[in-house]
2 protein chains.
Amino acid sequence: MNSVIDRRQDILQHASSLLRTRGFNAFSHRDLAERTGVKSSSIHYHFPTKQDVGIALIQQYREDLAMTLQSLNNLPVSDRLACFVAPFVESAQSGNQWCLAGMLASDFNSLDELLRYEVRRFFDLAEHWLADQTLALQPELSPDDARVRAQSAMALLEGALLLARAQQDAQRMHNALTLFYALLGASPAKA
Amino acid sequence: MNSVIDRRQDILQHASSLLRTRGFNAFSHRDLAERTGVKSSSIHYHFPTKQDVGIALIQQYREDLAMTLQSLNNLPVSDRLACFVAPFVESAQSGNQWCLAGMLASDFNSLDELLRYEVRRFFDLAEHWLADQTLALQPELSPDDARVRAQSAMALLEGALLLARAQQDAQRMHNALTLFYALLGASPAKA
DNA sequence: GTCTATAAGTAGATAGAC
DNA sequence: GTCTATCTACTTATAGAC
């Protein structure tokens, strides 16, 4: 039993922070080694390549989201949406981290195919779930319209957090959320 | 007189393409040298540091936008907006480049302060202009409301292009534009 | 699992000849 | 202005001892 219960998880935690702060091509094994307190060769033991780190990060990000979304089934739809957007609000307030999937999407053309696939998978999950919530709130919409609204809503969240960070203005995220809720048909249940 | 009229401009052209495709930390002087056909030391002659390349790119991007916007004064507002979004539509269709300013915003925390300042300046220009157009279309809005709508509209454009590229789905940009126009109060003058 | 040691390649950048 | 040559530092990654 180590002082760190799970070193692999510890590495991923720091890698997530570095990725969301700087981007995939702006942190190194050295950065990870310094923060975790192990040597870079030990990082390679847990994750043979840097792409493996990225893949583990986005897979865990998607699995965490999937579990969270499943746990929301018993809540009203507007409460579910509030839980969905909560991490975006927190990031906007903390001020220097973007969404993990958004950051990988921005680095898309420098990623290996498997990593690209996992990024697409994350957004597929988020957008399909958002489309389902939209249909629940606005049953009069066609499934296609609900999907289109969900995709624009997701784009709005990513863009708002990107610009809130650059402009150091968390209010932008709150303003975007008003539009986000309106687009999906939720009453202004602002957090 | 060289075969290349303006080498500095030639370097910036290739740098813009590399930046918008891969991101600021995913291209090197070597990449630039290969594409321009000069040695990397010559790149350094024109731009002493890589940050200088970034600064020249975003400054030119902003100046080009400022000139374009000024040239639109005699057009109906909906036509001005169509010109504003045209580069986003083109990027979505070409499929592998993001917005230059959006990419630098994603790399924000790995940039020097002067480069960060120029990124903020670009978005200030774009958003102020969009707010002005919104007020022209919807005079009943308060300046604050117009500003909020303009900021969300800009976030939507950036996010939509980001996800259109990752999902290889140019239709997302067109769908986002419908919302973009509605938000600013323009009739559905879709391109 | 973690370490030391090391590798081959790349990064941004500079000196000085032409 | 562009070149060759070079530099230091950093990158990802591996071999092998403990």
Side-chain angles (χ1 to χ4, degrees), chain A residues 1-19 21-58 103-104 107-116, chain B residues 1-19 21-58 103-104 106-116 118:
Chain A
M1 201 187 295
N2 297 324
S3 60
V4 171
I5 309 291
D6 186 345
R7 174 132 291 160
R8 184 187 153 92
Q9 202 55 39
D10 190 45
I11 295 169
L12 286 179
Q13 195 65 41
H14 288 280
S16 171
S17 174
L18 285 162
L19 172 59
T21 302
R22 298 189 198 164
F24 190 73
N25 298 300
F27 77 95
S28 67
H29 289 81
R30 175 187 294 191
D31 296 315
L32 275 176
E34 283 172 0
R35 281 164 177 71
T36 55
V38 298
K39 298 298 172 183
S40 67
S41 51
S42 297
I43 309 289
H44 280 282
Y45 169 80
H46 294 282
F47 303 97
T49 73
K50 194 179 179 186
Q51 295 284 337
D52 292 323
V53 176
I55 288 166
L57 283 174
I58 185 68
M103 189 62 92
L104 287 177
D107 293 322
F108 205 72
N109 285 335
S110 66
L111 306 179
D112 283 352
E113 185 50 44
L114 182 52
L115 192 35
R116 293 185 191 191
Chain B
M1 199 187 296
N2 297 324
S3 60
V4 172
I5 310 289
D6 187 346
R7 175 131 292 160
R8 184 188 153 92
Q9 204 53 40
D10 191 45
I11 294 169
L12 286 179
Q13 196 64 42
H14 287 282
S16 170
S17 174
L18 284 162
L19 172 59
T21 303
R22 298 189 198 166
F24 190 73
N25 299 300
F27 76 94
S28 66
H29 289 80
R30 176 185 294 187
D31 296 315
L32 275 177
E34 284 172 359
R35 281 165 179 71
T36 55
V38 298
K39 298 298 171 181
S40 67
S41 52
S42 297
I43 310 289
H44 280 282
Y45 170 80
H46 294 281
F47 303 96
T49 72
K50 193 179 178 184
Q51 296 284 337
D52 293 323
V53 176
I55 288 167
L57 284 173
I58 184 68
M103 190 62 93
L104 287 176
S106 83
D107 293 322
F108 205 72
N109 286 334
S110 67
L111 306 179
D112 284 352
E113 184 50 43
L114 182 52
L115 192 35
R116 293 186 194 192
E118 293 291 343

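Reminder, nothing fancy here: chain letters follow the sequence lines and each chain counts from 1. Quick note: numbers below take in every heavy atom, side chains included, and nothing from hydrogens, waters or symmetry partners.
- At dC10(D), none of the side-chain N or O atoms of Ser28(A) fall inside 4.0 Å of OP1 or OP2 (strictly under the cut-off).
- The shortest non-hydrogen separation linking Leu111(A) to Leu104(A) is CD1-O, 3.4 Å.
- Note: CG (Asp10(B)) to C1' (dT2(D)) measures 14 Å, nearest angstrom.
- The distance from atom CZ of Arg30(A) to atom C1' of dT11(D) is 8 Å, rounded to the nearest whole Å.
- Relative to the six-membered ring of Phe27(B), Lys50(B) meets both conditions, a distance below 6.0 Å and an angle of at most 45° to the axis.
- Rounded to a whole Å, the CG atom of Asp6(B) is 13 Å from the C1' atom of dG1(D).
- Position along DNA chain C of the nearest nucleotide to Phe47(B) versus Ser42(A) favours Ser42(A) as the more 5'-ward residue.
- A straight line from CG of Asp112(A) to P of dT12(D) spans 13 Å, rounded to a whole angstrom.
- Among the protein residues, His29(A) comes within range of the sugar-phosphate backbone only, with heavy atoms under 4.0 Å from sugar or phosphate atoms but none that close to a base.
- Counting non-hydrogen atoms of neighbouring residues, nucleotides and ligands closer than 6.0 angstrom, the CD atom of Gln13(B) reaches no more than 12 such neighbours.
- Closest contact between the side chain of Arg7(A) and the listed nucleotides dG1(D), dC3(C), dT2(C) involves dT2(C).
- For Asp107(A) against Asn25(A), the heavy-atom pair with the smallest separation is OD1-ND2, 3.9 Å.
- Atom C1' of nucleotide dG1(C) and atom CD1 of Ile11(A) are separated by 10 Å, given to the nearest angstrom.
- Between the OH atom of Tyr45(B) and the C1' atom of dT2(D) there is a distance of 9 Å, given to the nearest Å.
- Distance Asn25(A) CG to dC10(D) C1': 14 Å, rounded to the nearest Å.
- Atom CG in Asp52(A) sits about 10 Å away from atom P in dT14(D), given to the nearest Å.
- In this structure, the nucleotide among dC3(C), dG1(D), dA13(D) sitting nearest to the side chain of His46(B) is dG1(D).
- In this structure, Lys39(B) reaches the bases: a heavy-atom distance under 4.0 Å links it to at least one base atom across the strands shown.
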query: Stepwise, does the side chain to side chain contact (heavy atoms under 4.5 Å, CB included) test hold for Ser16(A) with Leu19(A)?
result: CA-CA 5 Å; Ser16(A) 171; Leu19(A) 172 59; 5.8 Å; no
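- With hydrogens and angles ignored, a donor-acceptor pair under 3.5 angstrom links the side chain of Ser41(B) to the base of dT4(D).
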